[in-house]
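For reference, the structure is listed below as structure tokens.
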There are 2 protein chains.
Amino acid sequence: MSGHSIDPTRLLGRLARLGAIGRDQEYWLVRLAASDADKLGRDQFVSWLEAAGLEVAIDRIGNIFGIWAPEGVSDKAPLMLGSHIDTVINAGIYDGCYGVLAGLEVIETLKQAGFSPARPLVVAAFTNEEGVRYAPDMMGSLVHAGGLDIETALDSIGTDGSRLGDELKRIGYASDREPGFLKPKAYIELHIEQGPILEREGISLGAVENLQGISWQKVTIDGDANHAGTTPISMRRDAGHAAARVITFLRQRARASDTPTVATVGCMAFEPNAINVIPSRATFTVDLRDPDEQRLREEEGALARFLDTLSAEEDVTISVERLARFEPVRFDAGIVTSIEAAARARGLPCRRMTSGAGHDAQMMARIAPAAMIFVPSKDGISHNPKEFTADADLVAGANILLDVVQALAGKE
Amino acid sequence: MSGHSIDPTRLLGRLARLGAIGRDQEYWLVRLAASDADKLGRDQFVSWLEAAGLEVAIDRIGNIFGIWAPEGVSDKAPLMLGSHIDTVINAGIYDGCYGVLAGLEVIETLKQAGFSPARPLVVAAFTNEEGVRYAPDMMGSLVHAGGLDIETALDSIGTDGSRLGDELKRIGYASDREPGFLKPKAYIELHIEQGPILEREGISLGAVENLQGISWQKVTIDGDANHAGTTPISMRRDAGHAAARVITFLRQRARASDTPTVATVGCMAFEPNAINVIPSRATFTVDLRDPDEQRLREEEGALARFLDTLSAEEDVTISVERLARFEPVRFDAGIVTSIEAAARARGLPCRRMTSGAGHDAQMMARIAPAAMIFVPSKDGISHNPKEFTADADLVAGANILLDVVQALAGKE
């Protein structure tokens, strides 16, 4: 390695400043995709790109790219670093933002150090990775990789009834550039683990070699609204009770198996949602994940079979809508090896691992060699204000990214 | 009996017209207490009272009274007929409105027939019987009976964050009259059964001799928001899963017992309510009812014990708030007997029964002899647009009320 290192103060300062943008009355961090708060975060990021002397490019889905294309190599396929800066509701400050700001930090460091890359370096902030307001998640990178038609994506209707295309225009992040205009030579994403493994094992770096598959479904159960006081239990068609049985079924099944499958019901709504009326409708989401495609299919099948039985037993109507489905992903072995090499060179413990969360890297892996670098998450907590990674780990991860970039983008 | 009968066309016409007031975009009938829609329904009712030549009186909680106090008897304690005209969300047209409009119909009929009562006749429409927007339900009659302090009632905060007192003022139904200014000699409420018994047995009238106890609680479960993909099942503190277990527990317990106890979870909310985040909080309501106070206490105790176990097993924090609690009520034997006598005189089959629902009559029973008359509900359905009672049954019920009023208010 050339001995370069990133500027810890600059990186950590930007993480803190971005994390202070988009706080609500309760000081919850909420920068949902294409919201007013997201616009404020984007504006801050773009101002940092400009200050670093990078070319700023925005595409039709609102993905933001900071490009350093030195003369002579500007025609080459770029090496892309990135992640996202949208958040969940009441989020932590690291998820996504760390990878984006570290990517900028690495490019800025190399630019100032007079490093001359064999290809352009790009930092990307992809739109709507979280998928909280608009489904599917990882939308910006999915569209960039050609996995989702841009018109369909722009027509997505949010949980608040808004249309993504209109919201992007409203906040000033809808441009004319066609998604995918930048085809990277390789893509690297630095991210917090969002899981407990690295911390538990006392290892500071993860070389992520694969990522588990994700299945998102929306289930709607229709029963019959009726008076809570006068309807005998035997005559009830209680959509709320049927929904509760789905949640307990998923948990019992996960507990009973020794597979890493995880199932989560995160959204739930009852109608008419009145104290003294039996719910006529329950609508909820099911998030299923497994690193093995075959097992993921088995879990989806088991849920479908249970819903059939439930429909008959509870005398309710059940409809299922697929919101998102991604197969497990295997990352590029070459990049994973160079991550391990960089860690070794800096004397940092590193282990290969599977990503439990979905990431933009899995979409970019469709069009270019890709891999991820993980740093520890305290108690494995994420999507929560308690999300935390020690400064030393944040800096170490960024330096490994710096080294890998030099290895992959150095003179050929 | 004097041979008087009510005017079917006038009664059924008013039921239909009131039922057309307060429809939303989806044509759902929604006249929540003290809402704009409720105001429209109240205005219509008041105009009918005035057209019938009754004195209109409104008290501080917004209860509406139509008073016929002929000279010479105006100082006597009145015979009161009534119910409510507020509705649940997506309601039927009969619940409450039938009793109020039949009360008006009976008084109007007797007035026009030159009947001379031994005491004033009053028809009452009590505020917020449903309790959907503001808790507790049956609030107007409870305040009238002195069971709830008027200031406390006016300070009730609704599901929409509004204050009842402000809303009553806004819609023009907050007056200076102190609640309870009218102490009735007796109270009679005509109502649809909202249950399946009369229809199933082919009986057109129910003489309601008692009413089951009601327990409303709000349960809040706090766990830990965390990433749906990376958090092992064993490390989860899932408030949504804990809430689902409460619902299935209540159902299994009700199914296992041979008592008439009914338990309903009608309201449910998850936080942060995102697809890929484990719920950190679940808030829901529990509605427990039983005609026997001892059994109702046992059910409340069983739920409390289950919540203790659940809190430990799921590693969640659980808090319970009491929203409403009413003991079972025994109605006045004399009035029940005269209802049966009136049915016999008109050759209509009648049975004694228990009310499964809460009604304003149970509050009025605290301060005066009270009873109820039930007519059949098709399929026992209520709190639903499919709520239906045949015109013949509606007319028969109103005529029985007419006869009972003559029997109780005739010259002494």
Side-chain angles (χ1 to χ4, degrees), chain A residues 88-90 130-132 135 137 193-196 212 214 216 224-233 235 238 240-241 243-248 251 254-255 260 262 264-270 272-280 282 285 287 289 323 355-358 380-384, chain B residues 88-90 130-132 135 137 193-196 212 214 216 224-233 235 238 240-241 243-248 251 254-255 260 262 264-270 272-280 282 285 287 289 323 355-358 380-384:
Chain A
V88 295
I89 296 161
N90 199 16
E130 294 294 359
V132 172
D137 57 346
E193 179 193 343
Q194 305 180 281
Q212 66 186 358
I214 301 177
W216 278 8
D224 211 347
N226 218 327
H227 193 291
T230 60
T231 314
I233 298 297
M235 287 177 64
D238 185 334
H241 174 247
R245 285 188 59 190
V246 177
I247 296 176
T248 54
R251 179 57 52 94
R255 282 244 174 85
V262 283
T264 306
V265 173
C267 294
M268 174 65 71
F270 281 10
N273 206 44
I275 298 181
N276 56 349
V277 185
I278 295 161
S280 58
T285 54
D287 174 319
R289 308 194 192 203
L323 298 179
S355 171
I381 294 173
S382 184
H383 286 181
N384 183 302
Chain B
V88 296
I89 296 160
N90 200 18
E130 294 294 0
V132 172
D137 57 347
E193 179 192 344
Q194 306 179 281
Q212 67 186 356
I214 302 178
W216 280 8
D224 212 346
N226 218 326
H227 193 290
T230 59
T231 314
I233 298 298
M235 289 177 62
D238 185 335
H241 174 248
R245 285 188 60 190
V246 176
I247 296 176
T248 54
R251 179 59 51 92
R255 281 241 174 85
V262 284
T264 305
V265 173
C267 295
M268 174 65 72
F270 281 11
N273 206 43
I275 297 181
N276 57 349
V277 184
I278 296 161
S280 58
T285 55
D287 174 321
R289 309 194 192 202
L323 298 179
S355 171
I381 293 173
S382 184
H383 287 181
N384 184 303

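Below, chains carry the letters A, B, ... as their sequence lines are ordered, and counting in each starts from 1.
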For A:Ser355, what residues pass the side-chain contact (heavy atoms from CB on, under 4.5 Å) criterion, not counting sequence neighbours?
-> A:Val208, A:Leu211, A:Ala357, A:His359, A:Phe374

Please look at A:Leu323 and chain B and tell me whether the side chain, the backbone, both or neither of the residue comes under 4.5 angstrom of a heavy atom of that chain.
-> side chain

Side-chain heavy atoms of B:Asn276 within contact of A:Arg289, under 4.5 Å = yes

How long is the gap from CG on B:Asn273 to CD1 on A:Ile89, to the nearest 0.5 Å?
-> 7.5 Å

Distance, nearest 0.5 Å, that separates OG1 of A:Thr264 from CD1 of B:Ile233 = 6.0 Å

Shortest non-hydrogen contact from A:Pro279 toward B:Val265 = CG-O, 3.4 Å

Do side-chain atoms of B:Gln194 reach the backbone of A:His227 as a donor and acceptor pair under 3.5 angstrom?
-> no

Between chain A and each of B:Gly229, B:Gly356, B:Pro260, B:Ser382, count heavy-atom pairs under 4.5 Å; write down the option with the most.
-> B:Gly229

Pick from A:Ala274, A:Ala254, A:Pro232 with the largest number of heavy-atom pairs that fall under 4.5 Å of chain B = A:Ala274

Among B:Gln212, B:His241, B:Arg245, which residue forms the greatest number of heavy-atom pairs with chain A at distances under 4.5 Å?
-> B:His241

Among B:Ala225, B:Gly240, B:Gly380, B:Pro272, residue most engaged with chain A (heavy-atom pairs, under 4.5 Å) | B:Ala225

Under a 4.5 Å cut-off applied to non-hydrogen side-chain atoms, are A:Asn226 and B:Asn384 in contact?
-> no

Side chain proximity check, A:Arg251 to B:Asp238, heavy atoms < 4.5 angstrom | yes

Is it the backbone or the side chain of B:Thr285 that comes under 4.5 Å from a heavy atom of chain A, or both, or neither?
-> side chain

Residue B:Glu130 versus chain A: region with a heavy atom under 4.5 Å | both

Where does A:Val88 contact chain B at under 4.5 Å (heavy atoms): side chain, backbone, both or neither?
-> side chain

Gap separating the NE2 atom of A:His383 from the OG1 atom of B:Thr231, nearest 0.5 angstrom | 9.5 Å

Can you name the residues that form a side chain to side chain donor-acceptor pair (under 3.5 Å) with A:Asn90, not counting sequence neighbours?
-> none

Taking atom CD of B:Glu193 and atom OG1 of A:Thr230, what is their separation to the nearest 0.5 Å?
-> 7.5 Å

Counting heavy-atom pairs under 4.5 angstrom with chain B, the leader among A:Gly131, A:Ala135, A:Pro196 is A:Pro196

Would you check if A:Val132 and B:Ile275 make a side-chain contact, meaning some heavy-atom pair closer than 4.5 Å?
-> no

